[in-house]
**Q** 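Could you have a look at this structure, given as structure tokens, before my questions?
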There are 2 protein chains.
Amino acid sequence: MKVTIRDVASKAGVSAATVSRVLNKPELVDPETKQRVQAAIKALDFHPNAMARGLSVSRTDTIGLVIPGINDLFFTELYRGIEKACSENNMKILLFDSQHSRHRALEGFTFLRRHQVSGIIFTSKLVDQDYDALFDRIGIPVALALTEATGRTPLPAFKVDDVRAVFDVVAYLVARGHQRIGMITGESEDDRTGLLRLEGYRRAMLHFGIGYSESFVTSGNYRFDGGYAAMQELLKRQPINQLTAICTASDEMAIGAMRCLHDHGLSVPDDMSVIGFDDLQIARMVIPSLTTVMQPFEEIGEQVVRALLQRIEQPSELPRQGTYYMPHRIVERETVKCLNSSTSEEQLEKCF
Amino acid sequence: MKVTIRDVASKAGVSAATVSRVLNKPELVDPETKQRVQAAIKALDFHPNAMARGLSVSRTDTIGLVIPGINDLFFTELYRGIEKACSENNMKILLFDSQHSRHRALEGFTFLRRHQVSGIIFTSKLVDQDYDALFDRIGIPVALALTEATGRTPLPAFKVDDVRAVFDVVAYLVARGHQRIGMITGESEDDRTGLLRLEGYRRAMLHFGIGYSESFVTSGNYRFDGGYAAMQELLKRQPINQLTAICTASDEMAIGAMRCLHDHGLSVPDDMSVIGFDDLQIARMVIPSLTTVMQPFEEIGEQVVRALLQRIEQPSELPRQGTYYMPHRIVERETVKCLNSSTSEEQLEKCF
DNA sequence: GTGAAAGCGCTAACAA
DNA sequence: TTGTTAGCGCTTTCAC
């Protein structure tokens, strides 16, 4: 039924080994026989069985990718970089969606192991000591994107410096005359990112002598609705807080917050400045378009693949361990109002 | 190095066959031996090699998914349904991104074949006679999502009725007093969807006695920028056209069009009504939120998986061939202005 | 209830 | 340059 390498071999009047050679090392085979074999392959519409091959060479040229959720808008941006780097090194990708569940993520590792992936990229979510036991025995290189390892096992990780990035956001707002700056940070079990971003905010508020107050802070699940709800909460406190700007831990929450403000008859940026985090495609689609912090998703994706390939090819060395911070950048669009009369440039100077 | 089933076997003092049994048919093995084997599996941290298993049983429980581009926002919505149906039937998914290239799509088929997937879901893009030869010999069940087969080979396909959907959109606008209705349709080589949607528009304009004029129509690549550019073109003709509403072939283009209108100082919906197509997550995020046609992506995903499974399990029968139209629905939000004084309900009656 | 042996489709020595 | 042989790790008869 299924046509195998042996069928091709007999049709072409050669051995299976020869067919295998024309498939994998065509330069080693006589042009004339090669022709015959290729003709047979075509005639029979033969397609080599990747599993049989993988089993034989015990290599799959596949890397596994564990992601929190395919619906997270940032994921597709990251994927582009991963896909690019993989296809350049002709690696295949095996995707596993953990659906934001730690349990599923663990299942993912099992799944990928069974499928003999050469390496695993783990995305988002905190990687803490709970994973140590896993990584110790797994025997497969692992690299991290958009997260970092806090457990004992050091792992190459690529992300932006969340603390610094939010610090920069606050500095940016301060430079534009804002003082009463609120924060909508991220939350979810297993998440350290939200904490780091909050810490950046806290440090900056202290650094600029504004002072840190919990009443300026709420949190959400990084999604639109979470941002909306968090903004609503902030609005309740607004009579006391008198915020003029909000920084958020994600573009989606920023956009949710904008919608909330809109529903309360408030205008962005005239009544309230808003600043996002991620620079997703949607950031430039909304009106007003969203000023935000760009994470270099594509580059992160590329780097994490490279790091993995390096570990795959030289498993002995331990070249790249620990966290690599990739450069972030504030993308100026339309959601931040400058409260100064002086130029923002001058002010910026003052801040650093 | 790698621990195999034989290692487990010797550690547990049984044969490989027995280990295999506790893995696959645990009820056939003595509880006491089962215990020992399971202990050995745990102690050695054994993970069965999925490729070896696949090779042995010549089944992979995997379906292949060929998509046009992972960055297309609609894709993640579709994926959710596919993922759901697959995990319910514990099927795995092998993803292949064709990057909007017909050539890459063909590569995808080769790739998936090599990996012995049990079935293939092909998404978007026209499936015409060019594919016939492929499907004739492929010997793997194929089902279509968001597209349909126009070649000789009939294939189960799940999508909305594009003609009808846009017809309904126009009817909806007419019921609200619009007559001068423009259209931004989709375009790209290999695309029939844009044509179908345009046809729905054309028929409706004729049906309602408004008349069809090419000057009311532009097209774009379904993306934000395409919508922006198409709107710009329409705006040039606006002194003559005097449009009051635009229907579009995608939410992204609708949002691009909205941005364009905004940049020209025009307000949606007061100066121009806009209506999208897809009902993506972003449709409810933008301001004003987008009135649009909902495609039941998740259900389409589920159905296409079911159809595929059916063909996989009963390859002899040919139960579901041809196109199944899934119900669409207009989701009313904030981008359509009612120009009537009478209630829209009454008007709607009139239209049908 | 368990083991021995053959085989899934391919590749990689090693010979010829 | 080509063929023979063994084996990748697992499942599955068929005996016992």
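In what follows, every chain begins at residue 1, and chains take the letters A, B, ... in the order their sequences are listed.
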**Q** Is the number of heavy atoms from other residues, nucleotides or ligands within 6.0 Å of CD (B/Gln35) greater than 12?
**A** no
**Q** Indicate yes or no: at least one non-hydrogen side-chain atom of A/Ile121 is less than 4.5 angstrom from one of A/Ile63.
**A** yes
**Q** Is it the case that atom NZ in B/Lys34 sees more than 12 heavy atoms from other parts of the structure closer than 6.0 Å?
**A** yes
**Q** Could you encode protein contacts along nucleotides 1-10 of chain C as a string, one character per nucleotide from 5' to 3', using B for base contact, S for sugar-phosphate-only contact and - for no contact, with a heavy-atom cut-off of under 4.0 Å?
**A** SBBB--BBBB
**Q** Taking atom types as modelled and ignoring hydrogens, do the side chains of A/Tyr222 and A/Asp191 form a donor-acceptor contact shorter than 3.5 angstrom?
**A** yes
**Q** Between B/Arg104 and B/Glu107, does any NZ, NE, NH1 or NH2 come within less than 4.0 Å of an OD or OE carboxylate oxygen?
**A** yes
**Q** With a cut-off of less than 4.0 Å, is there a side-chain N or O of A/Lys25 near OP1 or OP2 of C/dT11?
**A** no
**Q** Got a sec, which residues hit side chain to side chain contact (heavy atoms under 4.5 Å, CB included) with B/Arg113, two or more places apart in sequence or on another chain?
**A** A/Asp45, A/His47, B/Leu134, B/Ile138, B/Ile140
**Q** Which pair of non-hydrogen atoms, one from B/Ser118 and one from B/Thr60, has the smallest distance, and what is that distance?
**A** OG-OG1, 3.8 Å
**Q** Under the side chain to side chain donor-acceptor pair (under 3.5 Å) criterion, do B/Tyr79 and A/Asp97 qualify, and how do the steps go?
**A** CA-CA 11 Å; B/Tyr79 188 86; A/Asp97 184 343; 6.0 Å; no
**Q** Give the angle between the helix axes at the two ends of the helix from C/dG1-D/dC16 to C/dA16-D/dT1, taking five base pairs at each end and rounding to 10°.
**A** 30°
**Q** Just how far, in rounded Å, is P of D/dG7 from CZ of A/Arg59?
**A** 21 Å
**Q** Can you tell me the distance, in whole Å, between the CG atom of B/Leu44 and the C1' atom of D/dG9?
**A** 15 Å
